[in-house]
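Read through the structure below, which is laid out as structure tokens, and then see the notes.
Order of the sequence lines sets the chain letters (A, B, ...), proteins ahead of strands, with each chain counted from 1.
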There are 2 protein chains.
Amino acid sequence: MPAHCFADVLSEHIDLTPAERDTLGRLEERSRTIKRGGILRRSNDRSGELFILRSGLMMTYVLLGDGSRQILRFHFPGEMLGLSGIVYAQAPESICAVAESVVCPFERSALAEVIEAHPRLASMILAYAQVERVSLTDRLAALGRTSAKARVGALLLDWRSRLRAGDGSIGESFSLALTQEEVGDATGLTAVHVNRMLRQLEEEGLIAREGQRVTIRDERALAAATHYVDRYRNLDLGWLPAGR
Amino acid sequence: MPAHCFADVLSEHIDLTPAERDTLGRLEERSRTIKRGGILRRSNDRSGELFILRSGLMMTYVLLGDGSRQILRFHFPGEMLGLSGIVYAQAPESICAVAESVVCPFERSALAEVIEAHPRLASMILAYAQVERVSLTDRLAALGRTSAKARVGALLLDWRSRLRAGDGSIGESFSLALTQEEVGDATGLTAVHVNRMLRQLEEEGLIAREGQRVTIRDERALAAATHYVDRYRNLDLGWLPAGR
DNA sequence: CGCACCCTTGAATTGTATCAAAATAAGTGG
DNA sequence: CCACTTATTTTGATACAATTCAAGGGTGCG
């Protein structure tokens with residue numbers, strides 16, 4: 001019994017037709033569980049498959065020659081993974097599970113069929129890719145032009161926004177299920193420095209911490225200090241073609 | 001008389017049908033010239049339009065609160081600009097001309113029509129967006145995890161690859177039509193430090209310079225030092241649906 | 001209980017930014 | 001075409017942010 005995770009995410013923005021919903025459901029017919037730390041795909045693996053993340057938490061990253069790692073993106077349930085691989089025979093990025101996860105693998109050809117049969121879904125997929133792109137460029141700007149403290153703060157705000165997108169009841173407090181090393185690899189810092197920045201944010205009263213739990217104590221100030229913009233809200237999809 | 005810049009770029013990878021070519025040509029019916037330094041679109045402007053860059057050189061960037069600038073991408077002729085704006089009412093990024101340029105503006109609705117009428121073109125546009133995405137993540141990794149020298153070196157290699165894509169006759173030597181400040185804003189460095197890095201690369205015999213002209217003198221060593229990967233080659237588009 | 005893994009803290013080092021100024025090149029108007 | 005102004009490149013001295021190295025203390029887990 002396939003779920004409709006991806007369809008559910010898209011439904012938050014447009015009303016899907018039954019045919020569209022059905023087509024998307026077919027991408028989730030198979031499923032696969034990956035344990036915490038498990039690798040779904042290594043860079044340079046054959047990249048024929050794509051995935052829908054049904055549950056858990058995953059991340060995409062690259063390893064550089066000297067062994068250092070740059071985390072490119074964290075993935076939350078309902079996202080499509082591995083889209084960047086569609087243009088290369090070998091995957092440009094690695095994907096692994098940050099927490100135990102379930103993914104639904106499907107072939108590139110299935111994506112082509114969706115695009116062919118449903119122009120509106122094709123447009124939505126393109127649109128979602130743009131949201132991710134803008135989110136990436138925000139991080140690019142953060143790495144290039146903002147301080148360590150701002151980058152860590154922005155990551156916290158981003159996590160809260162994205163957790164909230166999946167669960168509207170999440171308020172100022174949430175669980176940051178990442179090690180400080182992972183935060184460092186995402187923000188371009190060392191784990192040691194991440195620790196100091198978290199402490200500083202705490203001392204300044206912008207956040208509070210207890211174990212994994214983080215509380216945003218002064219959202220206004222934190223947003224100002226980090227230049228954070230929530231890119232998952234206020235989408236403008238009025239131009240989409242009609243659904244079939 | 002509309003040109004077919006965008007169609008020409010896509011033609012390097014697949015054989016377009018006459019109908020596809022014609023449809024793409026309609027995106028280039030109007031045109032507009034922008035002088036060096038001219039701004040095509042400011043961030044937070046209404047972002048209803050997209051563009052095909054017919055000639056010249058443009059760049060996309062963001063300005064941060066403190067006035068610093070992060071250049072997100074340089075754009076060469078044949079590229080589609082402003083795609084990231086399709087999901088937001090207000091543009092997330094600014095676009096300006098690095099050299100005098102000609103662009104062809106078109107509406108989002110025209111993009112929707114292309115997607116609706118030609119699934120293969122929709123797939124190609126999505127695929128191209130992925131190439132750009134991977135190129136962005138390469139830079140994200142460079143900013144997060146590589147040295148100043150490596151970032152500057154990678155920018156040089158990237159420029160050469162992209163110039164060569166437009167003009168196969170370009171060899172080891174090319175004109176880098178950027179100020180050192182622009183290089184700095186693209187690589188997350190100060191202009192002063194870019195200068196020192198260029199000088200160092202020169203002293204080490206990896207490159208030579210005279211005025212704007214740069215020559216790659218030891219490509220092997222430069223590629224190794226920068227982890228550069230050319231993402232514009234070896235695309236795998238065998239999965240595309242049939243053309244209409 | 002013992003072994004990993006993670007967090008925390010300190011001291012020393014290094015890469016890059018900042019500030020300042022001279023030298024060179026590129027525009028611009030007369 | 002020259003004189004003037006304005007950008008850009010180059011160089012040096014200094015300051016600082018973040019890394020590196022090192023070690024102690026938690027915490028969960030087999």
Side-chain angles (χ1 to χ4, degrees), chain A residues 35-37 64 66-71 96 98-100 142-156 175-204 207-214 225-226, chain B residues 35-38 64 66-71 96-100 142-156 175-204 207-214 225-226:
Chain A
K35 281 205 285 281
R36 173 173 159 71
L64 276 71
D66 63 350
S68 63
R69 175 175 70 173
Q70 176 67 48
I71 295 175
C96 83
V98 179
E100 177 159 309
L143 293 204
R145 290 297 186 217
T146 76
S147 69
K149 205 199 292 181
R151 292 183 227 168
V152 172
L155 181 140
L156 297 178
S175 168
L176 184 70
L178 295 176
T179 65
Q180 292 179 2
E181 186 169 9
E182 286 164 339
V183 174
D185 285 347
T187 52
L189 301 168
T190 58
V192 172
H193 205 53
V194 167
N195 184 282
R196 291 194 237 266
M197 293 304 103
L198 285 170
R199 184 153 309 279
Q200 250 185 276
L201 289 169
E202 193 172 23
E203 275 167 17
E204 292 167 12
I207 64 168
R209 296 187 304 152
E210 38 180 323
Q212 292 207 322
R213 196 138 208 93
V214 174
T226 61
Chain B
K35 279 205 285 282
R36 174 174 157 68
L64 276 70
D66 61 351
S68 63
R69 174 176 70 171
Q70 175 67 48
I71 295 175
C96 84
V98 178
E100 176 159 310
L143 293 204
R145 290 295 184 220
T146 76
S147 69
K149 206 199 293 181
R151 291 184 228 168
V152 172
L155 182 140
L156 297 179
S175 169
L176 184 72
L178 295 175
T179 65
Q180 294 179 0
E181 185 168 10
E182 286 162 339
V183 174
D185 285 347
T187 52
L189 302 168
T190 58
V192 172
H193 206 55
V194 167
N195 184 281
R196 293 194 234 265
M197 294 302 102
L198 285 170
R199 183 153 308 280
Q200 253 186 272
L201 289 169
E202 194 172 21
E203 276 167 16
E204 292 167 11
I207 65 168
R209 298 186 303 149
E210 39 179 323
Q212 292 207 322
R213 196 138 208 92
V214 174
T226 60

Practice problem: Could you work out which one of C/dC7, D/dT8, C/dT16 sits closest to the side chain of B/Ser147? | Solution: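 Out of C/dC7, D/dT8, C/dT16, the nucleotide with an atom closest to B/Ser147's side chain is C/dT16.
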What integer distance in Å separates [X]:[atom1] from [N]:[atom2]?
{"X": "B/Gln180", "N": "C/dT24", "atom1": "CD", "atom2": "P", "answer": "15 Å"}
{"X": "B/Arg36", "N": "C/dA26", "atom1": "CZ", "atom2": "P", "answer": "11 Å"}
{"X": "B/Arg209", "N": "C/dT24", "atom1": "CZ", "atom2": "P", "answer": "15 Å"}
{"X": "A/Glu203", "N": "C/dT8", "atom1": "CD", "atom2": "C1'", "answer": "13 Å"}
{"X": "B/Lys149", "N": "C/dG15", "atom1": "NZ", "atom2": "P", "answer": "10 Å"}
{"X": "B/Asn195", "N": "D/dT8", "atom1": "CG", "atom2": "P", "answer": "14 Å"}
{"X": "A/Glu181", "N": "D/dA18", "atom1": "CD", "atom2": "C1'", "answer": "16 Å"}
{"X": "B/Gln212", "N": "C/dT24", "atom1": "CD", "atom2": "P", "answer": "19 Å"}

State, yes or no, whether a side-chain contact exists between [X] and [Y] at a heavy-atom distance under 4.5 Å.
{"X": "B/Leu143", "Y": "B/Gln70", "result": "yes"}
{"X": "A/Arg196", "Y": "A/Arg199", "result": "no"}
{"X": "B/Leu198", "Y": "B/Val214", "result": "no"}
{"X": "A/Val194", "Y": "A/Met197", "result": "no"}

What does [X] touch in the nucleic acid at a heavy-atom separation under 4.0 angstrom: a base, only the sugar-phosphate, or nothing?
{"X": "B/Gly184", "value": "nothing"}
{"X": "A/Arg145", "value": "nothing"}
{"X": "B/Gly37", "value": "nothing"}

Distance-only, no hydrogens or angles: does the [X] side chain make a donor-acceptor pair with backbone N or O of [Y] under 3.5 Å?
{"X": "B/Arg145", "Y": "A/Leu189", "value": "yes"}
{"X": "B/Ser68", "Y": "B/Leu64", "value": "no"}
{"X": "A/Arg36", "Y": "A/Val98", "value": "yes"}

Quiz item: For A/Gly188 and B/Arg199, take the nucleotide of DNA chain D holding the closest heavy atom to each; which residue's nucleotide lies nearer the 5' end?
Solution: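 By nearest-heavy-atom nucleotide position, the 5'-most residue is B/Arg199.
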Expected rows: protein N/O vs nucleotides 20-23 of chain D N/O, under 3.5 Å:
from, atom 1, to, atom 2, distance (Å)
D/dT20, O4, A/Arg196, NH2, 3.1

Quiz item: Which residue, A/Leu178 or A/Gly144, contacts DNA chain C at a nucleotide closer to its 5' end, judged by nearest heavy atom?
Solution: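 Between the two, 5'-proximity favours A/Leu178.
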